[in-house]
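See below for the structure under consideration.
This one's a predicted model, so the numbers in the text were calculated from it and none came from an experiment.
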Amino acid sequence: MIDEAQMLSDIGIKLKMFTDHIDGVKVIATGSSSFDLANKINEPLTGRKWGAALFRDVHVAAPHAASMPQYHLFPLSFSEMANQTSVLEEMGCLEMRMIFGYYPEVVMHPGEEKERLLELVNSYLYKDVLVWEKLQKAEKITRLLQALAFQIGSQVSYTEIAGLIGLDSKTVEKYIDLLEKAFIIYRLTSFSRNLRNELKTSKKIYFYDNGVRNALISAFNPLELRDDVGALWENFIMAELLKKDMYAKNYAHKWFWRTKQKQEIDLIREADGIYTAYELKWKDKKKTQCPAAFKAAYPEAKFQVISKENFIEYV
């Protein structure tokens, strides 16, 4: 088992030698820089690897492995924790998870959540992005992530963010791509099929972990003292649905939907040709209805609301 394998020169060739010359051997190579590790391992180990990532990349090399799938290991999920304890107990931790997230180091040290998250963000979170791109100005990456943290659940403009942090829009897009490869954030694009007034090139950005998002902007207040509960809930559910689909091998496509008249739906999901629209509401007091324009344009699509009262059946 080799940790931080990307630090070794010619690591892919060396792992190939292990698997080719030692009968029955399995080699686990891990590294916190998924894109760098993948570049150095993938080519020599074609047909011999399994891949995975948990804010890091894991490659399991074995001889005579003709076609191995790739696995993504995300932060812990609601269902995993409920299976470890109970649904009732994990429900009691829901508000804490929305604030501190599911990063394993945080979950394993109750009472130290804030300290562990700040250490993660300040010391480890995007160091590989800086090393890989030989970037000297870490404060630019920090400011970019902070700007994105304030915009979860909202449409993101690279040009607007570039103006806020003092970079050009192409550099912002490049950094966002690197941060996505580092499993810190991920993008959701807009859904458009039938209507001329649908937004076609917009995007939203979410964090894989609520705790990381909150640590970036030092926002650890309890929910009753916050004005971003809706955004936190949206990010939380988006991450949980992503984990569930990936682990269950549900090969679903996801988008958000919005028109120029600002009618919108948080999530459109397509699996096996079936479309479902989801609104993500912390409290569904007004019994949210499907926007009339969407219902008319896509009458075959289902519409569901995910709130804290019913989210267990979805995650």
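- A donor-acceptor pair is defined here as one N or O able to donate and one able to accept, closer than 3.5 Å; such a pair exists between the side chain of Asn310 and the backbone of Ser307.
- For the residue pair Val212 and Leu117, the shortest heavy atom distance occurs at N-CD2, 3.9 Å.
- Here side chain to side chain donor-acceptor pair (under 3.5 Å) pairs that include residues 266-275, with residues two or more places apart or in two chains, are Asp245-Arg269.
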List the steps and the verdict of side chain to side chain contact (heavy atoms under 4.5 Å, CB included) for Ile161 and Tyr175.
CA-CA 12 Å; Ile161 292 177; Tyr175 286 178; over 6 Å; no
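- Linking Ile, Leu, Val, Met, Phe, Trp and Tyr residues whenever their side-chain heavy atoms come within less than 4.5 Å leaves Ile274 and Phe303 in two separate clusters.
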Working note: Val106 + Leu120, criterion side chain to side chain contact (heavy atoms under 4.5 Å, CB included); need CA distance, chi angles, decisive distance, verdict.
CA-CA 10 Å; Val106 175; Leu120 168 68; 5.9 Å; no
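- Between the side chain of Asp284 and the backbone N or O of Thr288 there is at least one donor-acceptor pair closer than 3.5 Å.
- Between the side chain of Gln146 and the backbone N or O of Leu216 there is at least one donor-acceptor pair closer than 3.5 Å.
- Pro104 and Pro75 get closest at one heavy-atom pair: CD-CA, 4.5 Å.
- Residues Val121 and Phe150 fall into different hydrophobic clusters, defined by Ile, Leu, Val, Met, Phe, Trp and Tyr side chains chained together at heavy-atom separations under 4.5 Å.
- Cation-pi contact between Lys203 and Tyr158: present, with separation from the ring centre below 6.0 Å and deviation from the ring axis of at most 45°.
- Checking Ser77 against Ser79 by side-chain atom types alone, a donor-acceptor pair falls below 3.5 Å.
- Remark: side-chain polar atoms of Asp209 are paired, donor with acceptor, to backbone N or O of Tyr102 under 3.5 angstrom.
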Val315 vs Ile306, side chain to side chain contact (heavy atoms under 4.5 Å, CB included): CA-CA, chis, key distance, verdict
CA-CA 10 Å; Val315 302; Ile306 303 179; over 6 Å; no
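- Contact check for Met238 versus Leu280: side-chain heavy atoms found under the 4.5 Å cut-off.
- Remark: the Gln151 side chain and the Ser154 side chain contain no N/O donor-acceptor pair separated by less than 3.5 Å.
- Of all non-hydrogen atoms in Glu80 and Leu76, the two that sit nearest each other are OE1-CA, 3.4 Å.
- For Phe18, there are no ring pair (Phe, Tyr, Trp, His ring centres under 6.0 Å) partners at least two apart in sequence or on another chain.
- Nearest heavy-atom pair, Leu223 versus Glu95, reported as atom, atom and distance to 0.1 Å: CD1-CG, 3.5 Å.
- Using a 4.5 Å cut-off on side-chain heavy atoms (C-beta onward), Phe191 and Ile265 make no contact.
- Under a hydrophobic-cluster definition in which Ile, Leu, Val, Met, Phe, Trp and Tyr are linked whenever side-chain heavy atoms come within less than 4.5 Å, directly or via other members, Ile217 and Phe207 are assigned to different clusters.
- Hydrophobic clustering, with ILVMFWY side chains joined whenever heavy atoms are under 4.5 angstrom apart, groups Ile99 together with Met91.
- Phe311 meets the ring pair (Phe, Tyr, Trp, His ring centres under 6.0 Å) test with Phe78, Trp233; sequence neighbours excluded.
- In this structure, Val229 and Met98 approach most closely via the heavy-atom pair O-CE, 4.1 Å.
- Looking only at distances, no side-chain donor or acceptor of Arg97 sits under 3.5 Å from a matching main-chain atom of Phe236.
- Cluster annotation: Leu232 is not connected to Val305 through the hydrophobic network of ILVMFWY side chains, with a link wherever side-chain heavy atoms come within less than 4.5 Å.
- Geometrically, Lys243 does not engage Phe74 in a cation-pi contact, judged by NZ or CZ lying under 6.0 Å from the ring centre and within 45° of the ring axis.
- Between the side chain of Gln84 and the main chain of Ala82, no donor-acceptor pair closer than 3.5 Å is present.
- Side-chain contact check for Leu144 versus Leu167: every heavy-atom pair is 4.5 Å or farther apart.
- Pairing each heavy atom of Pro222 with each of Arg226, the nearest pair is O-CG, 3.1 Å.
- Side chains of Gln155 and Ser202: a donor-acceptor N/O pair is present below 3.5 angstrom, by distance only.
- Looking only at atom types and distance, the side chain of Glu240 has no donor-acceptor partner in the side chain of Tyr314 under 3.5 Å away.
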Run the numbers on Leu148 and Ile176 for side chain to side chain contact (heavy atoms under 4.5 Å, CB included), then give the verdict.
CA-CA 10 Å; Leu148 296 175; Ile176 287 176; 4.2 Å; yes
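- Between Lys170 and Asp168 there is no salt bridge, since none of the side-chain N atoms of the basic residue sits less than 4.0 Å from a carboxylate O of the acidic one.
- Considering only heavy atoms from C-beta on, Tyr206 stays 4.5 Å or farther from Leu242 through its side chain.
- Distance check: Ile141 CD1 to Arg143 CZ gives 12.0 Å after rounding to the nearest 0.5 Å.
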